[in-house]
Amino acid sequence: MFQDRLQSLLVPALQGAFQQLFGHAIEAKAIGFQQTRPEFEGDVTINVFPFLKLSGKGPEQTAQAIGEFLVKEVDVVERFNVVKGFLNIVIADSYWLGFLKEAGDRDILQLEPVSPSGAKDKVMVEYASPNTNKPLHLGHLRNIFLGYSVSRILKAAGHEVVKVQVINDRGIHICKSMLAWQKFGNGETPESSGLKGDKLVGKYYVEFDKAYKSEIDALVAAGKSKEEAEKEAPILLDAQEMLRKWEANDPEVRALWEKINGWVYAGFDATYARAGVDFDKNYYESQTYVLGKADVLEGLKKGVFYEKDGAVWVDNTAEGLDEKVLLRRDGTSVYMTQDIGTAIKRFEEYPGLSKLIYTVGNEQDYHFKVLFIILKKLGFVWADELFHLSYGMVDLPSGKMKSREGTVVDADDLIDEVVTEARKTGEQLSKLDGMGEAEKAALFEMIGLAALKYFLLKVDPKKRMLFDPAASIDLQGHTGPFIQYTYARIKSLLRKAGESAVVCAELSGQAGQLTTDKSSLLSEERTVIKLLHQFPAVLNEAATKLDPSSLANHAYEVVKAYNSFYQAIPVMKEEDEGKRAFRLALSAAVADTTKKAMWCLGIEVPERM
RNA sequence: GACCCCGUAGCUCAGCUGGAUAGAGCACCUGCCUUCUAAGCAGGCGGUCGUUGGUUCGAAUCCAACCGGGGUCGCCA
């Protein structure tokens, strides 16, 4: 956990303690804070084992001495106890109440920019790179939700963010769809068939594959070897011919290409809109695939690359990697080449850009390692600020997703399913009487998407994850809807109490009064406040590590603690006005924090559910 | 074969800059709605943290080897 404000308050005091008591300076980093375990009294625990050599005393005496020093010198340290080498510190209620009051006064979540310079960083996040020959699937969703959440987290941490996608709109894959549509489509369009554009084009990609396979079978039956047949099937040759025509700017092929891709974009846009994500800029491979060649030749001239067998190579063996071709013998580019050119172009287009994040699956770990090394070798200072946000593959209970075998989970279908499930549950509970149909539909959409997004985001992005369809539509337990539910419940409470702004103002008046009573905080209240207090540090950590999962898990801990509080402690029914106001303010702070955390995950929260 | 990632409860996952008796959710079992939304709360069951060594006052966490799973190593994208 990153240092929170309490810790940054205690560190100088601890350094002073070591200086005065034992005559030694200690580094801030050397002090390990931890949450005090629930079975002991205290809020923060410091482990003194590492300092025994400095103190020259036993663990108990060392901890005792430090504890006494802190109580004397630091206002917020109220008392302490020592268990073995652990110094458990009790922080005064006034500190916690002060924090909550401040949270009500300004925004609890307003953070300073995390860059060392203190300046706003401009960060580009690439978080989608679909091929245009088939619809989006579950794997794309993990990619998209992850990247979108990271962009939100960076914004919340004070950065300027440019969200981009790369559309792989050219190549043999799209020619296959185009060809199959031409041959078998009978002029079918999204309008004539009622099919979503990307679905329609995907259908013809499958049609191509079917035709291709039967041609192979026929050739093999006629005596060809399998390898020969795979290379010589007429429909494949036609597709390759189409690609050549595309590259030669053949007007007919280009017109067809524009039409087919147009359908796909309309389909993608519909899915993105429903998923609640958006982009500031689209890059099209048809425009970027020519980039990079000049840069590679430039590198060749400078001696960064070398020529062998007529091709241009880079040698990364010194970095523990291999040699890699950058320009083929015929002078044409490979994938790496255009990635080099595209990166350079992006930094030219966005002069203030300080960081570029690629949200791409971990099967491309090697590719990005090589790409970053090459750009560094070419002398770009920003090469150190490139980051591959690498995420693990999504598995199904039945195993890997394979488009060939039809085991892919379609993105639109999946969203339909979770929304349907949310509706089923929502209508069963019948809490929504008096709500209009349109409003209900929007709510179920919100809940279903929360279930799906949270399910994909709560897991460490690096890790391969198992997608269990039954678990993903679960609305109970450690889920997005559980968090939404807590939020809605608090909002209901606040509605009963009047506007939350009023509540916070009330707290401002009440906090002073409450602080005079040293034991006024109940343990349930204290637990919740402490979790809220951690939020800025958690957000900071998420922004630094580019990892939404820690934030997702923290949001869950907060609402879980709040639910325990809510169940055990009366709020509106509390007769003491001061206590009631305080508990309402605490509730409001939980709602605000939850909303912000969920915003960072790209998940909306409802006013009632 | 080389390199990279992963291995924690029946299942899915937290915890990993070393620290107290390893935590959640799901599933299963017990309670709690005449009181602020039960999509909830309280409790129970469930673990040789893949294995073996090493470093350390202390290892799920660091190091090494091995076992098991996945990925990548193309003049493909």
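For clarity, every value in this text was computed on a predicted model and none was experimentally measured. Residue numbering restarts at 1 for every chain, and letters A, B, ... go by the order of the sequence lines. Hydrogens, waters and symmetry mates are skipped; everything else that's a heavy atom, side chains included, is used.
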Side-chain N or O of A:Lys400 closer than 4.0 Å to phosphate OP1/OP2 of B:G71: yes
Contacts of A:Phe208 that satisfy ring pair (Phe, Tyr, Trp, His ring centres under 6.0 Å) - sequence neighbours left out: A:Tyr212
Run the ring-centre check on A:His388 versus A:Phe372 and record whether the distance is less than 6.0 Å. no
Nearest to the A:Gln567 side chain among B:C4, B:G40, B:C75, which nucleotide is it? B:G40
Are OP1 or OP2 of B:U37 and a side-chain N or O of A:Ser492 less than 4.0 angstrom apart? yes
Mind running side-chain hydrogen bond (donor to acceptor under 3.5 Å, both in side chains) on A:Ser177 and A:Asn133 for me, showing each step along the way? CA-CA 6 Å; A:Ser177 286; A:Asn133 59 319; 5.1 Å; no
Dot-bracket, RNA chain B: Watson-Crick or G-U, under 3.5 angstrom, [ ] crossing, | other strand? (((((((..((((.....[...)))).(((((.......))))).....(((((..]....))))))))))))....
Reading nucleotides 19-26 of chain B from the 5' end, what letters show protein touch, with B for base, S for backbone sugar-phosphate only, - for no heavy atom under 4.0 Å? BBB-SSSS
Picking from B:A39, B:A77, B:C4, the nucleotide nearest the side-chain atoms of A:Val334 would be B:A77
If you check the A:Met572 side chain, which of B:A14, B:U37, B:C36 turns out closest? B:C36
Base, sugar-phosphate alone, or nothing: which one does A:Ala470 contact when heavy atoms must sit under 4.0 Å apart? nothing
Nearest-neighbour nucleotide for the A:Glu363 side chain, B:U72, B:C4, B:C75 considered: B:U72
Would you indicate which nucleotide in B:A39, B:C41, B:C6 comes nearest to any side-chain atom of A:Asn563? B:C41
